[in-house]
Amino acid sequence: MEKQSQKKPVSILGIPFENTNQEQFESLLKQRIDHHKNTFVVTANPEIVMYARQNRPYETLIKRADYIIADGIGIIIGAKLLKDPLQERIAGYDLFVSLLEWGSQNHKSAYFVGAKTEVINKLREVVAQKYAGLKIAGTHNGYFGDDRNIINDIRRTQPDMIFVATGYPKQEEFIDKNRQTTDGLWMGIGGSFDVLTGTVKRAPGSWQKMHLEWLYRVVKEPSRISRLSVLPKYLIAVLKERLSGN
Ligand code: UDP
């Protein structure tokens, strides 16, 4: 089985992004899950790229992932600026929902780690109702210090898919540290449990089409505005990379 999707990865500020599309990538993941291949997927946006630049251990860690995918229009723009375009943005949330649907149809099992207690409890209900064929191997909220109980539970239940939604860098650190305990899919998916449970609303389709999901989130949660300050810095760094021809 091939590890990489067909085209070679696109490097943005030293981070290699899979040059694939959602359909192709999904089918690759499903094959790997069926074969119990240990798979770590990072869904990265410009914030993650810039964080990795400041934090070398985190950069090294995400480079150990099997796949880094472009979850953010900023990554697509960055690749274009570097004249090495990526096929499309693949939203971690879309991938998550598709895998739940497939998992339900194919009687797979999944473990969910992340979000506040009330959100993860609601997630259990939503998944049981909407994806009835999927076995919930277990759930845990995302506010833990010691991860030993969670890991023992994952080791015991051997789920096909482990979704970690604690935000970066915690989710990638957790996966990198613990992925050897179960040969399944391990994926970090930020605030996806909040969205699936309706705790946080995702941008309407028209905003998504205009690639303005990030703006919608800031309008809804103004406290996120400071996180946008990274975007101009990211674009400047990409332009510098383009000029230096690295
Ligand atoms: N969260 C968590 N544990 C923490 C901090 C955050 O489980 O220690 C959850 C939080 O409740 C929310 C998600 O992680 O559901 C963060 O979502 P966000 O979209 O902000 O992710 P990011 O953009 O940081 O990847």
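What you are looking at is a predicted structure, and each value in this text was computed from that prediction instead of being measured. Note that ligands are numbered from 1 as they come in the structure, with each ligand's atoms numbered from 1 the same way. Just so it is clear, the values below take in all heavy atoms, side chains as well, and ignore hydrogens, waters and symmetry mates.
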**Student:** For the 3.5 Å polar cut-off, considering only N or O atoms, please tell me whether Gly114 and ligand 1 meet it.
**Tutor:** no

**Student:** How far is atom 3 (N) of ligand 1 from its nearest protein heavy atom, and which residue and atom is that?
**Tutor:** Gly142 O, 2.8 Å

**Student:** Consider ligand 1: state whether an atom of it lies below 4.0 angstrom from any non-hydrogen atom of Arg227.
**Tutor:** yes

**Student:** Report the nearest protein non-hydrogen atom to atom 14 (O) of ligand 1: residue, atom name, distance rounded to 0.1 Å.
**Tutor:** Thr166 C, 3.2 Å

**Student:** At the 4.0 Å heavy-atom cut-off, does Tyr143 count as touching ligand 1?
**Tutor:** yes

**Student:** Out of all atoms in ligand 1, which are within 4.0 Å of some heavy atom of Gly190? Include the element for each.
**Tutor:** 13 (C), 17 (O), 21 (O), 25 (O)

**Student:** Could you tell me the residue and atom name of the protein heavy atom closest to atom 18 (P) of ligand 1, and the distance to it rounded to 0.1 Å?
**Tutor:** Gly191 N, 3.7 Å

**Student:** Testing His211, Glu213, Gln22, Gln208 for side chain to side chain donor-acceptor pair (under 3.5 Å) with Arg89, which one passes?
**Tutor:** Glu213

**Student:** Could you check whether the rings of Phe96 and Phe163 sit parallel, tilted or perpendicular, using 30° and 60° as the cut-offs?
**Tutor:** perpendicular

**Student:** Using a 4.0 Å heavy-atom cut-off, say whether Arg224 meets ligand 1 through its side chain, its backbone, both or neither.
**Tutor:** side chain

**Student:** Residue-level breakdown please: for Arg217 versus ligand 1, do any non-hydrogen atoms fall below 4.0 Å on the side chain, on the backbone, on both, or on neither?
**Tutor:** side chain

**Student:** Does any N/O atom on Asp194 come nearer than 3.5 Å to any N/O atom on ligand 1?
**Tutor:** yes

**Student:** Where does Lys170 meet ligand 1, judged by heavy-atom distances below 4.0 Å: at the side chain, the backbone, both, or neither?
**Tutor:** side chain

**Student:** Do any pairs count as a salt bridge (charged side-chain N to carboxylate O under 4.0 Å, His left out) and have a residue in residues 43-62, sequence neighbours left out, and if so which ones?
**Tutor:** Glu47-Arg227, Arg56-Glu59, Glu59-Lys63

**Student:** Please give me the minimum heavy-atom distance between Leu134 and Met161, naming the atom from each residue.
**Tutor:** CD1-CE, 3.9 Å

**Student:** Any luck finding a side-chain donor-acceptor pair between Thr39 and Asp66 under 3.5 Å?
**Tutor:** no

**Student:** How far is atom 7 (O) of ligand 1 from the closest protein heavy atom, and which atom is that?
**Tutor:** Ala115 N, 2.8 Å

**Student:** Which pairs pass salt bridge (charged side-chain N to carboxylate O under 4.0 Å, His left out) with one or both residues in residues 91-105, sequence neighbours excluded?
**Tutor:** Asp94-Arg202

**Student:** Does a side chain donor of either Asn21 or Glu88 reach within less than 3.5 Å of an acceptor in the other side chain?
**Tutor:** no

**Student:** What is the ring orientation for Tyr168 with Tyr58, classed by angle as parallel under 30°, tilted 30 to 60°, or perpendicular over 60°?
**Tutor:** tilted

